[in-house]
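Scroll down for the structure; my scribbles are underneath it.
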Amino acid sequence: VRIERRGPVVLALIDRPARRNAADLEVYAGLEEALSLDAAACVIAGSGGVFSAGDDIAIFDFGGRGQATDFLTRVTRLFELVESVPRPVVAAVRGYALGFGFELALAADVALAEPGSRFGLPEITLGAAPPNAIGRGVDVIGRGWVRYLALSGRRWISGPEALELGLVVELHDGDALLSAAVDLSATLAAAPGFALAKRMLNDGAGAGYRAVP
């Protein structure tokens, strides 16, 4: 994760272009670091025109149940941190936002995207389930769409569809996307009651993880 400063805003860029910004343990650690920095707000984006193609499947080669449980704990910790830090976290989505990328956009306070972006939950085709999307997505895009996306793993939604469903709040082309995300995060941070409102909105959002064996 490459960390930059845009005035009072921290910009966290997932930077694994050769793997389409698929998340490994270093990505998780880098995002945790970015979220812990002293800043007014945080914007999460991806380098090379891709937000994130999901978790890197190489990290799923667990040596046993204990390692798998440890990984899920790590995932849970990151998403809970996104939702608990008392400052705005804005996702700026270009290209693919699959699996982990989709769930990271859901966990953010608000998400912006390019019209050509694509959101999907392919985990079911790999023998897994997306707990963050199941736990949080119902409130954002509705029960029917979450069921369809999570259970089929096939249908991806476009930027305009994501806007219509409420997954993202604005669409911007090219470099304007990142500028809009930084500006929006700073505007949100200026609201005196932001931290309280965020805490109320995210109360109970982690229910999906309790169903994971």
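Source: prediction; values computed, not measured.
The ring of Tyr28 has its center closer than 6.0 angstrom to the ring center of Phe100.
Looking only at side-chain heavy atoms (C-beta outward), Val50 and Arg94 stay at 4.5 Å or farther from each other. At a threshold of 4.5 Å between non-hydrogen side-chain atoms, the residues Ile44 and Val90 do not count as touching. Counting only heavy atoms from C-beta outward, the side chains of Leu165 and Trp145 approach each other to under 4.5 Å. Taking 4.5 Å as the limit, every side-chain heavy atom of Val93 sits out of range of all side-chain heavy atoms of Leu112. Between Leu171 and Pro160 the shortest side-chain heavy-atom distance falls below 4.5 Å.
Contact check on Asp109 versus Arg87 returns no salt bridge, with no Lys/Arg side-chain nitrogen under 4.0 Å from an Asp/Glu carboxylate oxygen. Between Glu83 and Arg136, at least one side-chain N (NZ, or NE/NH1/NH2) sits under 4.0 Å from a carboxylate O, which counts as a salt bridge.
The closest donor-acceptor contact from the side chain of Arg16 to the backbone of Ala22 lies under 3.5 Å. Panel note: side chain Lys198, backbone Gly193; no donor-acceptor pair is recorded below 3.5 Å. At least one donor-acceptor pair under 3.5 Å links the side chain of Ser36 to the backbone N or O of Glu33. Of the possible donor and acceptor atoms, one in the side chain of Glu103 sits under 3.5 Å from a partner among the backbone N and O of Asn132. Formation of a donor-acceptor pair under 3.5 Å by the Ser117 side chain with backbone atoms of Ala113 is not found in this model. A side-chain donor-acceptor contact under 3.5 Å links Asn21 to the backbone of Ser47. Remark: the backbone N or O of Leu177 is not paired with any side-chain donor or acceptor of Glu114 at under 3.5 angstrom.
Hydrophobic clustering (ILVMFWY, side-chain heavy atoms < 4.5 Å, transitive): Leu98 and Leu31 are in distinct clusters. Val168 and Ile141 end up in the same hydrophobic cluster when Ile, Leu, Val, Met, Phe, Trp and Tyr side chains are linked at under 4.5 Å. Both Phe79 and Phe119 belong to a common hydrophobic cluster when Ile, Leu, Val, Met, Phe, Trp and Tyr are linked at side-chain heavy-atom distances under 4.5 angstrom. Under the 4.5 Å side-chain heavy-atom criterion for grouping Ile, Leu, Val, Met, Phe, Trp and Tyr, Val9 is connected to Val169 within one hydrophobic cluster. When hydrophobic clusters are built by joining Ile, Leu, Val, Met, Phe, Trp and Tyr residues whose side-chain heavy atoms come closer than 4.5 Å, directly or via intermediates, Leu81 is not grouped with Leu11.
A distance of 5.0 Å separates CG in Leu37 from CD1 in Ile3, rounded to the nearest 0.5 Å. With rounding to the nearest 0.5 Å, the separation of CG in Leu78 from CG in Leu35 is 6.5 Å. With values rounded to the nearest 0.5 angstrom, Asp183 atom CG is found 9.0 Å from His172 atom NE2. The line from OG of Ser84 to CG of Asn202 is 8.5 Å long, rounded to the nearest 0.5 Å. From Arg118, atom CZ reaches atom OH of Tyr96 across 8.0 Å, with rounding to the nearest 0.5 Å. The distance from atom CH2 of Trp156 to atom CD of Glu161, rounded to the nearest 0.5 Å, is 13.5 Å.
Looking at Ile134, Val146, Leu151, Leu149 one by one, the single match for side-chain contact (heavy atoms from CB on, under 4.5 Å) with Leu121 turns out to be Leu149.
Shown here for Gly166 and Val140, the closest heavy-atom pair between the two residues is O-CG1, 3.6 Å. Residues Phe51 and Ala91 come closest through the heavy atom pair CZ-CB, 4.1 Å. Contact detail for Ala45 and Leu178: the closest heavy-atom pair is CB-CD1, 3.8 Å. Pro88 and Ser185 make their closest contact through CG-O, 3.6 Å (heavy atoms, listed as atom of the first residue, atom of the second, distance). Scanning all heavy atoms of the two residues, the minimum distance from Ala40 to Ala189 falls at O-CB, 3.4 Å. Counting all heavy atoms, side chain and backbone alike, Val89 lies closest to Val85 at CG2-CG2, 3.7 Å.
Residue Ile124 is found outside any hydrophobic cluster, as its side-chain heavy atoms come under 4.5 Å of no other Ile, Leu, Val, Met, Phe, Trp or Tyr.
Arg5 CZ: more than 12 foreign heavy atoms inside a 6.0 Å radius. Other residues, nucleotides and ligands place no more than 12 heavy atoms under 6.0 Å from the CD atom of Glu164. Taking a 6.0 Å sphere around CZ of Arg20, one finds it holds 12 or fewer heavy atoms contributed by other residues, nucleotides or ligands. By the neighbour-count criterion of 12 heavy atoms within 6.0 Å, atom CD of Glu170 is densely surrounded, having more than that number from other residues, nucleotides or ligands.
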